[in-house]
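Inspection log for the structure reproduced underneath, given as C-alpha cells.
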Amino acid sequence: MRSPLIFKFGGASVKDAESVKNVAKIINQYNKRPIVVVVSAIGKTTNAFEEVLGAYTANKKGNEKQINKLLAQIQELHLGIINNLFDQPEEITRQVNEFIESARNSTRQQYVNYSEAYDAIVHHGELISTRIIAAYVGSFKETVWHDTRKLIKTDDHFRRATVKWEDTAQAIQSTIVQDCVHVVQGFIGSTANEKPTTLGREGSDYTGAVFAYCLNASSLTIWKDVPGMLNGDPKIFSNTTKIDNIPFNEAIELAFYGASIIHPKTIQPLKKKNIPLQIKSFIHPSKSGTTIGGMEHPVPKVANFILKKNQILLQISTKDLAFIAEHHLSAVYQLFAQKGIVVNLMRNTATKAMFCINNDTIIVPKVMTELGKTFEVEWTDALELLTIRNYDATDEARETQGLKILLEQRTMETVQFVFKRS
Ligand code: ASP
Ligand code: MG
C-alpha cells in the first residue's frame, strides 16, 4: 500500500445528512490514494451518551425508562440522517440499531468504577457515526469499515487511556493494507482484554495522529469549520490572522498555553516522524488552511493571543513565615500532580508562592484543604490569564488596557497576565 493520507472529521462536520454528503465529496476529490478517515461521533452525540451514563449512575427507580428515552433520541437522530442519505436504508439501519442495542446492553452491566462505565457506554457514538459514513462513502468508492477497538490498544486508565504503541502499530499495520478508503472511529480503543476505552474528550485528533504515525502517512488533515489556525480566538480577539505555516514546536507551545484548535497530544507523534498536520476548512476545502510541520519559522510572523478564563490564583506562605524552600514547592507540586492540577503560571518570593490554575470546582477546594494543613492559603478567583506570544509593545498595550493585573510574567517570547476584568 502506498503511504496514505489521514483525514479527521469532527462531530460538527458530520452533524446532518448534508454535512455527511459534503465529507464524502471531499474524500472523493482525492483519487487513487489510500485514505484513512477518522470520524468522531455525530454532532453532540458524545454529550448525549454522557446523559445516558448519568441515568445509569443515578441508580434511581425509573432510570431504565430514562435510559431508553435517551437512547431513543440518539437512535432517532441517526435514523433521520440515514433516511436522508440512502435509497435503501435497510442494511445500515440494522447496523445502527445493533449498536444502539449494544449501548443498551452496556447499561445493564456492572463496572468497577465510573470511568469504566463511562467508556463502555459512551464509546458507542463513534461506532454508529462511522458505520453511516462508511456505508455512504462506500456507495461510490471502495471503502472498508474497521473497529478501532481492535486497532488502538491502550492501558486501562479509563476515560484517559494511554496508547500502547507497539501493539497498536502491529494491529494497524496488519489491518490497513488495502489501497482504498478506510473508515475508523476516533476517540476510542480497548484494553488487552478488549474492554472499551476512550482517549479523553476531543480525543479524535489524537487518534488521527496515532494512525498517521503507525502508517508513516504522508500527512494528517484535520477538517474544521474554520479556515485554519488563527493567531487568536476570533470570538475573543479582533483582527485575527490566519497562520499559513507553523513549526511543530511552536504549535506545541501554543497548545500548552491553551490554544484550543487541536488536542495538545496530537502533535508529538507527528513531529517524531516529521508528518505534516494540515488544518483545513470543510466548508472551503480548496483553500490552503494551515500547515504545522518541520519548517523553521511561522508564516506570517505574528503575535499569538490566548485567553484562559475561570482561573484562580492560590498564594501560600509558611505558617511561621519561614522562607518558602525547595521541599515546600516539591510537596505542593506532588499534590498538584496527584490531583491532576496543571499549573498555568507560577511565581515565588522569599516567603510566598503563587500558582495560577484552572478553577475546577471539585478538585480545587480539596487541594486548598490539603494545602491548609501545612500553609497559610489565600486565594483570588474569577480571574483570567492572557498569554501573548511573540508580543510587541503595541499588542501588549492594546490587550491590557483597563485590566486590573494581579500578576505578570515575561520572557523574550512570551508575556502573561493574570487579571480581573473590571
Ligand atoms: N466524540 C468525542 C468528543 O466529543 C471525541 C471527539 O470529538 O474528538 O469528545
Ligand atoms: Mg465529538
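- Within the 3.5 Å criterion, the main-chain N or O of Glu326 finds no donor-acceptor partner in the side chain of Ser330.
- At distances below 3.5 Å, not a single donor-acceptor pair connects side-chain atoms of Lys280 with backbone N or O atoms of Lys224.
- Ring-plane geometry between Phe355 and Tyr333 is classed as perpendicular, the angle between the planes exceeding 60 degrees on a 0 to 90 degree scale with a lower cut at 30.
- Side-chain contact between Lys420 and Thr380 is present, with at least one heavy-atom pair separated by less than 4.5 Å.
- Between Tyr114 and Tyr118, the ring planes are tilted. Angles from 30° to 60° get that label.
- Of the residues Thr411, Asn304, Thr414, the one that meets the side chain to side chain donor-acceptor pair (under 3.5 Å) test with Arg389 is Thr414.
- In this structure, the side chain of Gln278 does not engage the main chain of Thr291 through any donor-acceptor pair within 3.5 Å.
- A heavy-atom distance below 4.5 Å is not found between the side chains of Lys308 and Tyr257.
- For Ser102 and His124, the side-chain atoms include at least one donor-acceptor pair closer than 3.5 Å.
- At least one side-chain heavy atom of Ser106 sits less than 4.5 Å from a side-chain heavy atom of Tyr111.
- Looking at Phe237 and Leu386, their side chains come closer than 4.5 Å, going by heavy atoms from C-beta outward.
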Can you check side-chain hydrogen bond (donor to acceptor under 3.5 Å, both in side chains) on Asp119 and Thr198, steps first, answer last? CA-CA 6 Å; Asp119 287 357; Thr198 64; 2.7 Å; yes
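- The shortest non-hydrogen separation linking Arg149 to Ser190 is O-OG, 2.7 Å.
- More than 12 heavy atoms of other shown residues, nucleotides or ligands fall within 6.0 angstrom of atom NZ in Lys319.
- Atom-to-atom distance recorded for Asn344:CG and Gln409:CD is 11.5 Å, nearest 0.5 angstrom.
- Annotation: His328 is in aromatic contact with Phe375 [ring centroid separation under 6.0 Å].
- Between Trp165 and Tyr213, the ring planes lie perpendicular to each other; the angle is over 60°, past the 30° to 60° tilted range.
- Judged purely by distance below 3.5 Å, without hydrogens or angles, the side chains of Gln109 and Asn105 pair a donor atom with an acceptor atom.
- The two residues Thr168 and Cys214 make their nearest non-hydrogen contact at CG2-SG, 4.2 Å.
- Within the 3.5 Å criterion, the main-chain N or O of Val20 finds no donor-acceptor partner in the side chain of Lys25.
- Checking side-chain atoms of Gln185 against main-chain N and O of Thr148 turns up a donor-acceptor pair under 3.5 Å.
- Atom-to-atom distance recorded for His123:NE2 and Phe99:CZ is 8.0 Å, nearest 0.5 angstrom.
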Check the pair Ser19, Asp16 against side-chain hydrogen bond (donor to acceptor under 3.5 Å, both in side chains), reporting the backbone distance first and the verdict last. CA-CA 5 Å; Ser19 309; Asp16 52 26; 2.5 Å; yes
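- Without hydrogens or angle criteria, His78 side chain to Gln75 main chain gives no donor-acceptor distance under 3.5 Å.
- Contact check for Ile312 versus Ile357: side-chain heavy atoms found under the 4.5 Å cut-off.
- Ring planes of His146 and His182: parallel class, angle under 30° (limits at 30 and 60°).
- Proximity of a side-chain donor or acceptor of Thr290 to a complementary backbone N or O of Ile243 within less than 3.5 Å is detected.
- Judged by distance alone, the side chain of Thr130 and the main-chain N or O of Val184 form no donor-acceptor pair under 3.5 Å.
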Under the side-chain hydrogen bond (donor to acceptor under 3.5 Å, both in side chains) criterion, do Thr197 and Thr191 qualify, and how do the steps go? CA-CA 7 Å; Thr197 51; Thr191 63; over 6 Å; no
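- Considering only heavy atoms from C-beta on, Asp395 comes within 4.5 Å of Phe305 through its side chain.
- No donor-acceptor pair under 3.5 Å is formed between the side chain of Lys153 and the backbone N or O of Gly189.
- For the pair Tyr30/Thr221, no side-chain contact is recorded, criterion being any heavy-atom separation below 4.5 Å from C-beta on.
- Environment of NZ in Lys366: sparse, with no more than 12 heavy atoms of neighbouring residues, nucleotides or ligands closer than 6.0 Å.
- Gln311 and Asn359 are not linked by any side-chain donor-acceptor pair at a separation below 3.5 angstrom, with hydrogens and angles left out of the test.
- By the 4.5 Å heavy-atom criterion applied to side chains, Leu127 and Trp145 are counted as neighbours.
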